[in-house]
Amino acid sequence: QVQLVESGGSLVQAGGSLGLSCAALGSISSINIMGWYRQGPGNQRDLVAQSSAGGSSNYADSVKGRFTISRDKFTVNLQMNSLKPEDTGVYYCYARGVRAATGPYYAEDYWGKGTPVTVSV
C-alpha cells in the first residue's frame with residue numbers, strides 16, 4: 001500500500017508565503033512524476049506544478065515566477081511566494097510510480113488527501 005502524506009496548508013494573507021510538503025510512504029519502489037494539483041471553486045483539479053525523476057519541472061502559467069517545486073526520490077515540496085487570493089484551494093499531492101509487487105511496467109497514480117490553502121485579502 002502506498003500513501004502520500006501532505007502537510008503545510010494554512011491561512012495566509014495575500015503577498016505572504018507558504019511551503020507545502022509531501023512524502024510517499026509504503027511499498028512504492030520508484031516515482032516517475034511527483035507534483036501538486038489544486039481544486040478550486042470550479043470543483044476540478046488543475047495542475048499547479050510537477051517534477052520528473054530526472055529533474056524537469058512544469059508550472060501552470062498562473063504560478064510561474066511565484067511558486068517553486070523541488071523533489072527528492074520520494075518527497076516533493078512546493079514553495080509558494082507572493083500568494084494571491086486566487087491561489088486559494090485544496091492542494092493535492094500527486095505521484096505516478098511503480099510498486100515492486102506489480103513490476104516495472106505497471107505505473108499507477110497516487111493521490112494525497114489534500115491540504116487546504118486559504119489566501120485572505
Side-chain angles (χ1 to χ4, degrees):
Q1 187 174 355
V2 176
Q3 280 187 287
L4 301 183
V5 181
E6 304 136 320
S7 63
S10 185
L11 170 66
V12 297
Q13 291 191 59
S17 298
L18 193 65
L20 305 181
S21 297
C22 176
L25 306 175
S27 59
I28 195 164
S29 60
S30 65
I31 296 176
N32 296 321
I33 298 172
M34 206 167 189
W36 294 90
Y37 284 70
R38 179 177 63 229
Q39 182 175 326
N43 203 33
Q44 289 186 336
R45 294 184 188 182
D46 298 317
L47 175 68
V48 177
Q50 65 180 23
S51 179
S52 70
S56 299
S57 60
N58 295 308
Y59 295 90
D61 288 340
S62 61
V63 307
K64 287 181 179 178
R66 299 188 296 119
F67 291 9
T68 302
I69 190 169
S70 61
R71 66 165 293 184
D72 204 340
K73 190 173 183 179
F74 296 116
T75 62
V76 63
N77 301 310
L78 185 68
Q79 180 62 45
M80 304 184 291
N81 299 323
S82 302
L83 283 163
K84 303 176 180 179
E86 51 262 43
D87 296 321
T88 294
V90 179
Y91 285 70
Y92 292 87
C93 182
Y94 164 81
R96 184 169 180 83
V98 174
R99 290 185 288 124
T102 58
Y105 300 107
Y106 192 80
E108 298 174 315
D109 296 327
Y110 306 101
W111 292 94
K113 294 181 179 179
T115 184
V117 174
T118 301
V119 183
S120 63
V121 178

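Applying the disulfide (SG to SG under 2.5 Å) definition to pairs two or more places apart or across chains, those involving residues 4-37 are Cys22-Cys93. Within the structure, salt bridge (charged side-chain N to carboxylate O under 4.0 Å, His left out) pairs that include any residue of residues 16-27 do not occur (at least two apart or interchain). Within the structure, the salt bridge (charged side-chain N to carboxylate O under 4.0 Å, His left out) test picks out no pair touching residues 27-37 (sequence neighbours left out). Sorted by first and then second residue, the side-chain hydrogen bond (donor to acceptor under 3.5 Å, both in side chains) pairs with a member in residues 19-36 read Ser21-Asn77; sequence neighbours excluded. Each salt bridge (charged side-chain N to carboxylate O under 4.0 Å, His left out) pair with one or both residues in residues 6-32, not counting sequence neighbours, would appear here, but there are none. Judged as a salt bridge (charged side-chain N to carboxylate O under 4.0 Å, His left out), not a single pair has a partner in residues 15-25 (not counting sequence neighbours).
Two residues are said to be in side-chain contact when any heavy atoms from C-beta on lie closer than 4.5 Å; Tyr105 and Val98 fail this criterion. Contact annotation: the side chain of Leu20 approaches that of Met80 to within less than 4.5 Å [non-hydrogen atoms, C-beta and beyond].
Residues forming a salt bridge (charged side-chain N to carboxylate O under 4.0 Å, His left out) with Arg99 (at least two apart in sequence, or on another chain): Glu108. Scanning for ring pair (Phe, Tyr, Trp, His ring centres under 6.0 Å) contacts around Tyr94 gives Tyr37, Trp111, with sequence neighbours left out. Remark: Lys64 engages Asp61 in a salt bridge (charged side-chain N to carboxylate O under 4.0 Å, His left out) (not counting sequence neighbours).
Under a 4.5 Å side-chain heavy-atom criterion applied to ILVMFWY residues, the cluster that includes Leu25 comprises Val5 as well.
Note that the CG atom of Leu47 and the CZ atom of Arg38 stand 9.5 Å from one another [nearest 0.5 Å]. Residue Tyr91 holds its OH atom at 9.0 Å from CG of Leu18, rounded to the nearest 0.5 Å. One finds the CD atom of Gln50 at 10.0 Å from the OG atom of Ser56 (value rounded to the nearest 0.5 Å).
Across all their heavy atoms, Val121 and Pro85 have their closest contact at CG2-CG, 4.0 Å. Contact between Gln79 and Asn81 at its shortest, heavy atoms only, is NE2-OD1, 3.1 Å. Looking at every heavy atom in both residues, Ala95 comes nearest to Leu4 through N-CD1, 3.7 Å.
A continuous path of hydrophobic side-chain contacts links Ile28 to Met34 [ILVMFWY only; heavy atoms under 4.5 Å]. Taking hydrophobic clusters as Ile, Leu, Val, Met, Phe, Trp and Tyr residues chained together by side-chain heavy-atom distances below 4.5 Å, Leu83 shares a cluster with Tyr59.
Arg96 and Asp109 are joined by a salt bridge, as a carboxylate oxygen and a charged side-chain nitrogen come within less than 4.0 angstrom of each other.
The number of heavy-atom neighbours closer than 6.0 Å to CD of Gln13, taken from other residues, nucleotides and ligands shown, is 12 or below.
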*Check the pair Gln44, Asp46 against side chain to side chain donor-acceptor pair (under 3.5 Å), reporting the backbone distance first and the verdict last.*
CA-CA 6 Å; Gln44 289 186 336; Asp46 298 317; over 6 Å; no
Output a table of donor-acceptor pairs, distance under 3.5 Å, between side-chain atoms of residues 113-120 and any protein atom two or more places apart or on a different chain; print 'none' if there are none.
{"residue": "Thr115", "atom": "OG1", "partner": "Gly9", "partner atom": "N", "Å": "3.1"}
{"residue": "Ser120", "atom": "OG", "partner": "Val12", "partner atom": "O", "Å": "3.4"}

Name each donor-acceptor pair under 3.5 Å that joins a side chain in residues 67-75 to protein atoms two or more places apart or in another chain, with its distance.
{"residue": "Arg71", "atom": "NH1", "partner": "Ser51", "partner atom": "O", "Å": "3.2"}
{"residue": "Arg71", "atom": "NH2", "partner": "Lys73", "partner atom": "O", "Å": "3.0"}

